[in-house]
Amino acid sequence: MAQVQRMSRLMVKTLRDDPADAETLSHKLLVRAGYVRRTSAGIWSWLPLGKKVFDNVSRVVREEMDAIGGQEVLLPALLPKEPYEASGRWEEYGDLLFRLKDRKGGDYLLGPTHEEIFTQVVKDQCTSYKDLPVMLYQIQTKYRDEARPRSGVLRGREFQMKDSYSFDTTDEGLAESYALHRAAYQKIFARLGLDHRIVSAVSGAMGGSASEEFLAPAAAGEDTFADCPNCGYAANTEAVTFAVVAADGSAHGAVEELDTPDTPTIETLADHLGVPASATLKNLLVKVDGEIVAVGVPGDREVDLGKLGEHLAPAEVELVTAEDFEGRPELVRGYVGPQGLKLRYIADPRVAPGTAWVTGANKQDTHARNVVAGRDFEVDDYLDVVVVEDGDPCPNCGDRLKLDRAIEIGHIFQLGRKYADTFQLDVLGQNGKPVRVTMGSYGIGVSRAVAALAEQTADDQGLCWPAEVAPADVHVVAAGKALQTELAVEVSEKLGAAGVRVLVDDRQGVSPGVKFTDAELIGVPKILVAGRRSSEGVLELKDRRTGEREEMTVEEAIARLTV
Ligand code: ATP
Ligand code: MG
C-alpha cells in the first residue's frame, strides 16, 4: 500500500505569478507550486509537497551513509560557546554566527557545523584504537547568518545539512574514510538525478584529494568552476592555482621614468602609452589586520578579494580608505609601484621573476617602464588572487579553461588533527601509548539539494522531478465530470494498493485547464488523465518530461506504473 493524496484535502495553494522577491528559478517554482513558504529572510517552512521531496532526498542520503558504515546520531543545534571558543571559531565566524544568551547570561550559538561537538562526543565514547575507525552522521538543521539569503532554500540562514565526521588513528585510515564518502556521494547524487562535477576545493592541492567539492552545474549557482576539456582538470575558481614560472629578465633595459599626466587608471595609462593593459602592473592597496599591504596583478586582471581573504585568513582584509593615505606621502594614489615601496608585497604568479612591467613610479603623474620583478622589486608572497577568466591556461596541461556556474551541493574534507589537537582527542594505541586521532568532515546540503534539483530539471511549465525524489509517482487528474472523478478515484485506489504513490486531483469546481497547469507546475513525473474517454474506461498517460501521451485502460495503467 502506498499513500493516495487527494488534492481536495492537500494543503497546497499554487500561484500563477512569481513571488516578487524571487531571483532564481527554484525559488520561484518551489513557492509557486506550494512546496515551501518564506517565514523570514532565509528562513523557510516546508509544506506537505516540499516535505515529501525533502524526505526522499534525506532517505537516499541516509541509505548511502548507512551503506558505508555511517552511524546516525542527532546532536543539538543550540550549543554552548566554550567548544567553539577553544577552536577559535567563536571569533573566526564573525557575523555568520548566530549568538545568543540564556536567562543566566551564558553564551550560546546556533550550530553552523559541528566539528567541535562531534570531537567531544568521540573523546567521551571512544578510548581505545579498537573503538576506531568510527563514522558518525546526522541530518540536522544548521544556522548561518548569511549576508545575502536571496535564493530561496538554495541559501538559507536556517538550512538542513547532512554532516558526517570520520575518526581514524592513521593517515591511511583517514584516506580510506574519505574515499568511502567520496564514492557514497557519487552514488547519492546519481540516485537523486543531480548532474554534478567533483572539483578540487583547496588552492595548492593540484590533483590532491584533501578537499573536494561536489558542484551541480546550474545558472543560479554562486560558485564558478574551471574545467579543462583536454585533461579533465576541474577546480573551483577559488582553488585554481598557477605556477610561478620565472622568465629570463636579463634583456630588459634599466627602469625609465615616464611623464604620464592624468593617468590614474589602467585604461588612461594604457591609452596614453599605447601599450596593452596586460603590460601594466596594477597595485591594489589593502589592509591586512590593519597593516597596509600592496597586491600586484597585471593591469588587465581583477583582484578577487574573496580569494585574497581566503589565502590570508584568519587575518582580516579590508580596502584602504582616503584616511589611510593621510600622513603617508610615499603612497601616491593612482601612481603606486612596487619598486622602493616599503610595504609587504603580494603578487599574482604572472608577476614572476624576470617579467618587466609598466607601473607607478610613486610620484604624482609619473609611471615607470622596465620595472623587473626580482631585479627592481621583490615579491614577498605569490598568491593566486586574480579572478580566473574563461580561456585562462589550464594549470595542468596549458589548454584553455572553460568556466561554468554551479551550486555547491557537497563538500568533503580531510581535516587531519586540527580539532583532535584542540580537544586532545587521543585513544590508547596498540602499544599502550596514546595516539592522536585524525578526522574527516563531510557535508551535503540536503535542503539545497532539493533546490539544485529543481534548478536542473525544471522546464517552462514548472517543476519536473526525477522519480526518486518526486512527491508522488503519478499525478491522476480528474478532468471534472462526476464520471471522470469516479474513474480517477478508482484508478488511484488501485494504484495505491499496488504500491504506487499517487497524488489525485479530485477537486470539484476547478476547471480542467487549471488542473492541467497545476499538474505541470507540481512536476510529478507521470500524469494520468481521466478525461474524454472516461465512459469507456480509457485514461491518458502523459510523461511530464517528454510530453508523450498514450491512451490505456485502468489495468494497463496499473501494469505500466507498477514496473
Ligand atoms: P557556500 O560556499 O555555498 O556558502 P560552504 O562552503 O560555506 O557553502 P560548507 O561549510 O562546505 O558550506 O557546508 C557543507 C554543505 O552545506 C555545502 O556544500 C552546501 O551544500 C550546504 N550549505 C552551506 N551553506 C548553506 C546555506 N546557507 N543554505 C543551504 N545549504 C548550505
Ligand atoms: Mg564548502
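All ligand and atom numbering here is 1-based and tracks the order in the structure. Residues: numbered from 1 along the sequence shown.
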Compute whether any side-chain donor of one residue and acceptor of the other, for Asp55 and Ser58, lie under 3.5 angstrom apart.
no
Is Ile407 near ligand 1, meaning one of its heavy atoms is under 4.0 Å from it?
no
Just to be sure I'm reading this right: ignoring hydrogens, which of Phe413, Phe159, Phe214 gets closest to atom 26 (C) of ligand 1? Compare them by their nearest heavy atoms.
Phe159
Charged N to carboxylate O below 4.0 Å: is that the case for Arg32 and Asp18?
yes
of all protein heavy atoms, closest to atom 20 (O) of ligand 1 is Glu408 O, 3.0 Å
Of all the N, O or S atoms in His411, the one nearest to the Mg ion (ligand 2) is ND1
Could you identify the single nearest non-hydrogen protein atom to atom 4 (O) of ligand 1 and state the distance to 0.1 Å?
Arg155 NH1, 2.9 Å
What I want to check is whether the side chains of Gln125 and Asp131 have a donor and an acceptor closer together than 3.5 Å.
no
Salt-bridged, Glu63 to Lys187, with N to O below 4.0 Å?
no
With a heavy-atom distance limit of 4.0 Å, tell me whether Arg144 approaches ligand 1 through its side chain, its backbone, both, or neither.
side chain
Numbered in order shown, the ligand 1 atoms found under 4.0 Å of a heavy atom of Leu154 are 28 (N), 29 (C)
State whether a side-chain donor-acceptor pair under 3.5 Å links Asn283 with Tyr345.
yes
Should Arg448 be counted as touching ligand 1, given the test is an N or O pair under 3.5 Å?
yes
Side chain or backbone, does His411 bring an N or O within less than 3.5 Å of an N or O on ligand 1?
yes
Could you walk me through whether Leu453 and Trp465 satisfy the side-chain contact (heavy atoms from CB on, under 4.5 Å) test, starting with their C-alpha distance in whole Å, then the side-chain angles of each, then the deciding distance to 0.1 Å, before giving a yes or no?
CA-CA 8 Å; Leu453 263 171; Trp465 300 108; 4.0 Å; yes
Is the number of heavy atoms from other residues, nucleotides or ligands under 6.0 Å of Glu92 CD greater than 12?
yes
Met161: numbered ligand 1 atoms lying under 4.0 Å from its heavy atoms:
13 (O), 14 (C), 16 (O)
Tell me which N, O or S atom from Glu408 is the closest to the Mg ion (ligand 2).
OE2
Quick test: of every protein heavy atom, which one is nearest to atom 28 (N) of ligand 1, and how far off is it to 0.1 Å?
Gly156 N, 3.0 Å
Distance-only side-chain donor-acceptor flag, Asp518 / Thr14, under 3.5 Å
yes
For Gly445, is at least one N or O under 3.5 Å away from an N or O on ligand 1?
yes
May I ask you to check whether Tyr185 and Lys162 show a side-chain donor-acceptor distance below 3.5 Å?
yes
Ligand-side contact atoms (ligand 1) for residue partner Glu146, heavy atom cut-off under 4.0 Å:
24 (N), 26 (C), 27 (N)
Determine whether any heavy atom of Ile409 lies closer than 4.0 Å to an atom of ligand 1.
yes
Between Arg545 and Asp459 (salt bridge meaning N to carboxylate O under 4.0 Å), is one present in this structure?
no
